[in-house]
Amino acid sequence: MSNDDKNTAMNCKTWPFEEARAVLKRIGNTAPDKGYALFETGYGPSGLPHIGTFGEVARTTMVMNAFRKISDIPAKLICFSDDMDGLRKVPLNIPNSEILESNLEKPLTVIPDPFGTHESFGHHNNARLRDFLDTFGFDYEFLSSTECYKSGRFDEALLNMLRNYEKVRQAVLPLLGEERQKTYSPFLPISPKSGKVLQVPILETNPDAGTIVFEDEDGEKTEIPVTGGHVKAQWRPDWALRWYALDVDYEMAGVDLKSASQIAGKIVSILGGKKPAGFHYDLFLDEKGEKISKSKGNGLTMEEWLTYAPHESLAYYMYLRPSSAKKLHFDVIPKAVDEYISFIKAMPTQEEEKQLQNAAWYIHGGTIPNSQYTPISFALLLNLASAANTDNAETLWGYIRKHKPDATPENAPFLDRLVGYAVKYYEDFVLPTKTYRMPDDRERAAMEDLAKRLEALPKDADLDAMQTEVFSAGKENGYEKNELREWFQALYQVLLGQNQGPRFGSFIELYGVQESITLIRDALDGKFAKAA
RNA sequence: GACCGCUUAGCUCAGCUGGUAGAGCAACUGACUUUUAAUCAGUAGGCCGAGGGUUCGAAUCCCUCAGCGGUCACCA
C-alpha cells in the first residue's frame, strides 16, 4: 500500500482505526518477537455461542482490518476457549443432563459429552463455537485453555505467578466482597482424588519447588505442582496469565468485565508483562431500554436476527458505536439491512478517505464482493411481500423484474437471499394475521363469473386483458361504478384474507391464471374461511 | 458505595478532529394506476435535557446539576 493511503488511514477517526492505532502503539510500531500482532477473543464453553460471541469476533475483525491498513505487521486472531473451567451448574436443554449433574465442578474437558459426539462436553461446545464462527467466514485460530495448561505452554507464566503469589492475590482482593476475600486464591487446585476444580484457601506456596499445598476435600493436606494442568488460575488471574503467556496485543470486552480487566491488567504488570490494548463495549438492551437477560427472554437472539436478515446486516449493527448501549429488537433489523445496502452501494463511488468511513469497508475488509449488489431495498421487499400476498420467492422475483428488469437470482445472489428473508417475514408476521371470510351472494356470483372469464382467456392474454376481466366481472354482476372499490375489497377479504392487496390484474399475471382460478374456487368452497 | 452510558423533529436515531441542525419512519401535498396498497416527486416539522465556562463562533470541548439506564461489589 502507498504511504498516502497509510496516512489517510492513520488519520481516520472511526473506532476501529482508533483501536488499531492503540495496538500499533502497544507494540511500538515494530513486529513483536512472536512475529505478529495478536488479537484475542474469549469464549466460555459452558454455554453455546450467541449474539455477543458474534459481536466480539466481528468487531475484533474490524479492528484487524483497520490494523492491516496502517501496518504491514501480520495480524492474527485467536479465539480462546476457557474449557478447563469447572462446570458450576447444569445448563438447560441438554440431553442426558445426569451426566453433567454427576460431574459438577470438574473441568469441562474431562466431563463426558452428553451429546455423545465428542471427547468431552468442553470439546463438544468448542466444536459448536468453531462451526458457528465458520458459518460467517471469520479468519481465526482456535486455542484451548486445557491444551495450553497441559502442554506446558502456560508453565513459565504459572511459575511466575507463583513467585508473585501474594502480590497477585492482593491485586484482586479489593474487588471482592468480604466473605470471598477470606478464602480467595488466584490458584484453583484440581483435586487429584475427585478431579474437581477446588475453590479453597492455599496453605503454602513453594516457588522453588513450583508447588502449592492445600487441603483436599477429604481433609488431607495435598501438595501439587502449579504447572502441567494440575492447577488452574481463577478467572481474573487466568485472563492475565493468558495475556502474559501469549503476549496478547489486543482484546476487547464488555463493560461488565471492566473492573476485572483492569485487575487483570495490573496482574500482567506484576508478572512483568504489558496488558493488551482494547476497549469496553456496552451491552445490548431490549426495545424498552432494559437489560437483555436469558431468563426474561426479552431482546433478540442471534437465531432470530438470522431468520429475517443476513449476517452482514448484523455485522453492520455491531459496527455502530459499540461504546454506547444499543437497543436490540426486531424493529432495528430492516433499517440495519438497508443501511448496510446503502453503504455497499456508496463504496465504489467514494474516495479512499470516504471509504474508510464507510461501515461496509470494515465488514468486508475493504473489498466488497460483487455478489453483494442489490438494486432494491429490504424495506421495499418487505412491503412487496405483504402487499402482493407473496408467499414464495419466485412470485416476489416476478415483481422485482418489473422494477429492475436486469436483476436475476443468479447475478444478484445477495438480493436473492433478501427475497428469502422477505418471504420468511411474510410467513411469520403477515400470514398469521390473515382472516378469510365467505362471500355474500352477489360476491359469489361475481367471483364465479370471474373464474369463468379467466378460463375463457386466450393463453397469451396480457395484463390489461386480465385487469379488464376483473372489472367486467364486477360491473356485470351488480356493482355500480361507485361500488367497485367494495368489489375489490371483497376479492382481498375472500381470496387473500386481508383488507388490502395488489392490483388484481397484476396479481393474476404473476400468480398464474390457472392458479388464480383454483384460488377462487377454493375460496368459494369455503376452504379458507373454514380454516380460519 | 465505585465506575460508565444516554438525553437532538411525533417515533427511532445519526451528527462527538467546534464553522448557518440531518436520515428513516409517521404526517401532509402531488404524480402514476379503470379500487386501494405499493412506487415516484415534493412539503412541513427542532431554545440539540438545564445552567455556567472556553472561543470570533459550541449539539460538538470543559465544569455543575437534573432525569433515565447500566455495570461491578456471589460466579464467570
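Each chain gets a letter, A, B and so on, in the order its sequence line appears, and its residues count up from 1.
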For this session: From the options B:U36, B:G70, B:A76, select the nucleotide whose nearest atom is closest to the side chain of A:Arg485.
Result: B:U36
For this session: Rounded off to whole Å, could you give me the CG-to-P distance for the A:Leu382 and B:C25 pair?
Result: 13 Å
For this session: Look at the side chain of A:Tyr362 and the backbone N and O of A:Leu356, then say whether any donor-acceptor pair between them is shorter than 3.5 Å.
Result: yes
Exercise. When all nucleic acid strands are considered with a 4.0 Å heavy-atom cut-off, which category describes A:Thr468: base, sugar-phosphate, or nothing?
Worked result: base
Problem set entry | Pair A:Tyr479-A:Glu486, side chain to side chain donor-acceptor pair (under 3.5 Å): steps then yes or no | CA-CA 8 Å; A:Tyr479 285 89; A:Glu486 287 164 40; over 6 Å; no
For this session: Confirm from the modelled atom types if A:Ser259 and B:U71 form a donor-acceptor pair under 3.5 Å, side chain to base only.
Result: no
For this session: Using a heavy-atom cut-off of under 4.0 Å over every strand shown, decide if A:Lys326 touches base, sugar-phosphate, or nothing.
Result: nothing
Seminar exercise, completed: Stems of at least 3 consecutive Watson-Crick or G-U wobble pairs (donor-acceptor distances under 3.5 Å) involving RNA chain B, listed by first number, are B:1-7 with B:66-72, B:10-13 with B:22-25, B:27-31 with B:39-43, B:49-53 with B:61-65
Exercise. With respect to A:Leu143, which candidate in A:Ile78, A:Asp83, A:Asn126 satisfies the side-chain contact (heavy atoms from CB on, under 4.5 Å) definition?
Worked result: A:Ile78
Exercise. When we call it a touch if two heavy atoms are under 4.0 Å apart, what does A:Leu257 touch: a base, just sugar-phosphate, or nothing?
Worked result: base
Exercise. Does a side-chain N or O from A:Gln234 land closer than 4.0 Å to OP1 or OP2 of B:A76, or not?
Worked result: yes
For this session: Please state whether the base of B:U35 and the side chain of A:Tyr479 form at least one donor-acceptor pair under 3.5 Å?
Result: no
Exercise. Nearest of B:U35, B:G5, B:A38 to any side-chain atom of A:Leu380?
Worked result: B:A38
Exercise. Quick one: A:Lys266 NZ to B:C72 P, roughly how many Å, whole number?
Worked result: 19 Å
Exercise. Is a donor on one side and an acceptor on the other found under 3.5 Å between the side chain of A:Glu105 and the backbone of A:Gly86?
Worked result: no
For this session: Tell me, yes or no, whether the heavy-atom count around A:Glu147 atom CD, taken from other residues, nucleotides or ligands under 6.0 Å, exceeds 12.
Result: no
Exercise. Contact class for A:Leu283 vs. all strands (heavy atom < 4.0 Å): base, sugar-phosphate, or nothing?
Worked result: sugar-phosphate
Exercise. Can you tell which of B:C3, B:U35, B:A76 lies closest to the side chain of A:Lys258?
Worked result: B:C3
Exercise. Counting any heavy atom closer than 4.0 Å, what does A:Asp82 reach on the DNA or RNA strands: base, sugar-phosphate only, or nothing?
Worked result: sugar-phosphate
Exercise. When we call it a touch if two heavy atoms are under 4.0 Å apart, what does A:Gly44 touch: a base, just sugar-phosphate, or nothing?
Worked result: nothing
Problem set entry | Greater than 12 external heavy atoms within 6.0 Å of A:Lys326's NZ | yes
Problem set entry | Backbone N/O of A:Met10 and side chain of A:Arg21: donor-acceptor pair under 3.5 Å | yes
For this session: State, to 0.1 Å, how close A:Arg442 and A:Asn477 come at their nearest heavy-atom pair, and which atoms those are.
Result: CG-O, 3.3 Å
So which protein nitrogen or oxygen atoms get under 3.5 Å of nucleotides 11-13 of chain B's nitrogens or oxygens?
residue	atom	partner	partner atom	Å
B:C13	OP2	A:Lys327	NZ	3.3

Problem set entry | Residue pair A:Phe414, A:Tyr340: steps toward the ring pair (Phe, Tyr, Trp, His ring centres under 6.0 Å) verdict | CA-CA 12 Å; A:Phe414 182 67; A:Tyr340 166 78; 5.6 Å; yes
Exercise. Under 6.0 Å from the CD atom of A:Glu427, do we count more than 12 heavy atoms belonging to anything else shown?
Worked result: yes
Exercise. Which of these nucleotides, B:A73, B:U71, B:U34, is closest to any side-chain atom of A:Asp256?
Worked result: B:U71
